[in-house]
Amino acid sequence: MEALIFGGAFDPLHSEHVNILLNSIKQIKFSGKTIIVPTFVPPHKSKAVIDFETRVKLIDETLKDKGIDYEISDIEFLRGDDNYASEILECFAKDYDKLYYLIGGDSLMTLESWHNPKKIMDIATILVCGRTGYDGIDDKIEYLKKKYGADIIRIDYDGKPMSSTLLRTRLMLGLDTDVPQIEKVKPYFNQLHEILTKLKSMQTEDLFLHSRAVAYRAVELNHIHRLGLDPYKCLIAGLLHDNAKQRLSLDGFSVPDDAIGTPVLHQFLGALKAERDFGISDKEILSAIKYHTTGKADMSVLEKLIYSADMLSEDRPDIERLLQVMKNDFEIGFKACLSSSYFYVLSKKRGMYGLTKEAFEFYIQNKE
Ligand SMILES: [Fe+2]
Ligand SMILES: [Fe+2]
């Protein structure tokens with residue numbers, strides 16, 4: 001009997017996981033048992049992590065009508081944190097004559113740095129799925145075959161760039177997804193639910209949809225460019241960036257004098273009201289809100305991200321060209337956004353806000 005082992009956090013399982021699995025089964029004409037091995041994810045790892053039991057239910061809901069002979073293993077859950085793939089595979093090797101181990105291209109590239117990589121390659125035939133544009137996989141396969149005598153099969157698969165982080169974000173924001181039984185994951189997002197409800201009650205529908213679109217774009221760009229920011233921070237900063245847009249009363253807050261009565265007032269008030277009315281204390285988030293319209297010299301990654309996501313959210317018209325630039329390169333994309341905004345304001349003869357001028361000089365005229 002043969003087994004195909006597919007491990008991952010599956011937090012939650014998404015369409016690309018399923019497609020990768022189905023493609024693998026088809027390509028190697030696999031007729032044995034597929035074993036899905038959800039990893040144990042420590043509860044402290046992220047605010048948005050779905051517990052083991054629910055992840056298992058979601059996997060089951062998704063796979064049950066796909067015509068796969070599968071089981072979902074609780075081996076990692078029972079063993080707790082810090083499992084090595086080599087040890088997990090060793091456990092399964094006792095029960096099966098042959099093992100296939102399905103991994104992504106990213107994992108193959110780092111396989112040698114895993115605990116006991118030789119054992120992994122001795123025990124199992126590696127099935128590797130490389131996304132389009134992922135260079136170096138074929139070279140890596142040849143290298144590992146030569147060095148370890150590994151048996152590696154590349155799975156032909158050209159999928160959409162979905163990820164669990166993006167899927168979780170869609171779930172949290174109430175955007176459309178293809179995950180079944182969404183009700184099961186909703187309770188995890190109560191904190192966000194509160195913010196969403198409050199924001200919705202104080203914004204027009206268009207502004208709420210814009211805020212949600214900015215939040216999603218921010219998480220997506222953080223993911224695509226591997227900026228390394230906490231997705232939850234990107235989400236909160238994106239959602240709240242315009243929280244004061246329809247609440248321009250100073251409420252006793254002090255803002256720069258030259259901001260009063262200008263379109264940039266809402267960014268300063270937004271930061272202050274996010275703290276007072278939404279209980280946000282994270283300085284990076286507040287600062288990203290505070291400068292999202294004007295920019296400034298020497299911005300943090302989160303500030304640049306929210307500034308750009310605000311200009312490139314799905315609800316904005318005619319963003320394709322700029323969005324493409326941004327998707328290709330974050331820094332160039334940010335500078336393109338900054339330039340575009342700068343020249344737009346210039347053309348309107350509205351008067352340039354000092355911070356925008358500073359940002360332009362810093363980033364575009366290279367006075368960094
Ligand atoms: Fe704004
Ligand atoms: Fe905005």
Side-chain angles (χ1 to χ4, degrees), residues 169 173-175 192 195-196 198-222 229 233-251 253 255-256 258-278 280 282 284-296 299-320 322-323 326 333-334 336-345 348 350-360:
T169 303
L173 292 175
L175 298 166
L192 195 73
I195 292 179
L196 282 167
K198 194 166 177 178
L199 200 61
K200 208 171 184 172
S201 73
M202 58 174 60
Q203 291 186 323
T204 60
E205 194 183 348
D206 280 355
L207 187 56
F208 177 72
L209 293 179
H210 166 69
S211 303
R212 212 168 53 159
V214 170
Y216 184 70
R217 185 69 83 211
V219 177
E220 185 190 39
L221 293 175
N222 177 50
L229 300 169
K233 271 193 187 192
C234 305
L235 198 67
I236 299 295
L239 269 182
L240 294 182
H241 81 284
D242 273 344
N243 83 83
K245 199 153 186 172
Q246 291 169 323
R247 306 187 294 151
L248 288 171
S249 64
L250 291 178
D251 290 359
F253 286 126
V255 295
D258 59 355
I260 295 170
T262 71
V264 306
L265 175 61
H266 80 285
Q267 69 174 14
F268 297 111
L269 281 175
L272 296 163
K273 292 185 176 182
E275 188 170 13
R276 182 192 68 184
D277 302 341
F278 290 87
I280 305 300
D282 186 295
E284 288 175 341
I285 293 177
L286 295 174
S287 189
I289 297 172
K290 188 174 179 180
Y291 299 107
H292 81 264
T293 306
T294 59
K296 67 181 186 73
M299 292 162 79
S300 71
V301 179
L302 186 62
E303 286 164 353
K304 289 180 191 171
L305 179 68
I306 298 303
Y307 179 90
S308 308
D310 186 24
M311 287 185 67
L312 299 172
S313 58
E314 209 179 11
D315 59 306
R316 300 245 190 222
D318 306 323
I319 53 162
E320 287 73 22
L322 207 51
L323 183 59
M326 170 49 92
F334 161 70
C337 287
L338 186 61
S339 290
S340 162
S341 168
Y342 179 85
F343 288 113
Y344 175 78
V345 176
K348 294 284 167 197
R350 279 207 304 235
M352 190 68 64
Y353 197 73
L355 285 169
T356 306
K357 193 165 168 284
E358 282 172 30
F360 188 79

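Just follow the structure's listing: the first ligand is 1, and inside any ligand the first atom is 1.
The atom of H241 that is an N, O or S and sits closest to the Fe ion (ligand 2) is NE2. The name of the N, O or S atom in H292 nearest to the Fe ion (ligand 1) is NE2. Among the heteroatoms counted here (N, O or S) of D310, OD1 is the one nearest to the Fe ion (ligand 2). The Fe ion (ligand 1) is closest to atom OD1 of D242 (considering only N, O or S atoms).
At least one N, O or S atom of H210 sits under 2.8 Å from the Fe ion (ligand 2).
The aromatic rings of Y291 and F268 stand perpendicular to each other, their planes meeting at an angle above 60°, with 30° marking the opposite boundary.
In this model, no donor atom of one side chain and acceptor atom of the other lie less than 3.5 Å apart for E284 and S300. Judged by distance alone, the side chains of H210 and D310 do bring a donor and an acceptor atom under 3.5 Å apart.
Between K198 and D277 there is no salt bridge, since no side-chain N of the basic residue sits under 4.0 Å from a carboxylate O of the acidic one.
In this structure, the side chains of V264 and T356 stay at 4.5 Å or more apart for every pair of heavy atoms.
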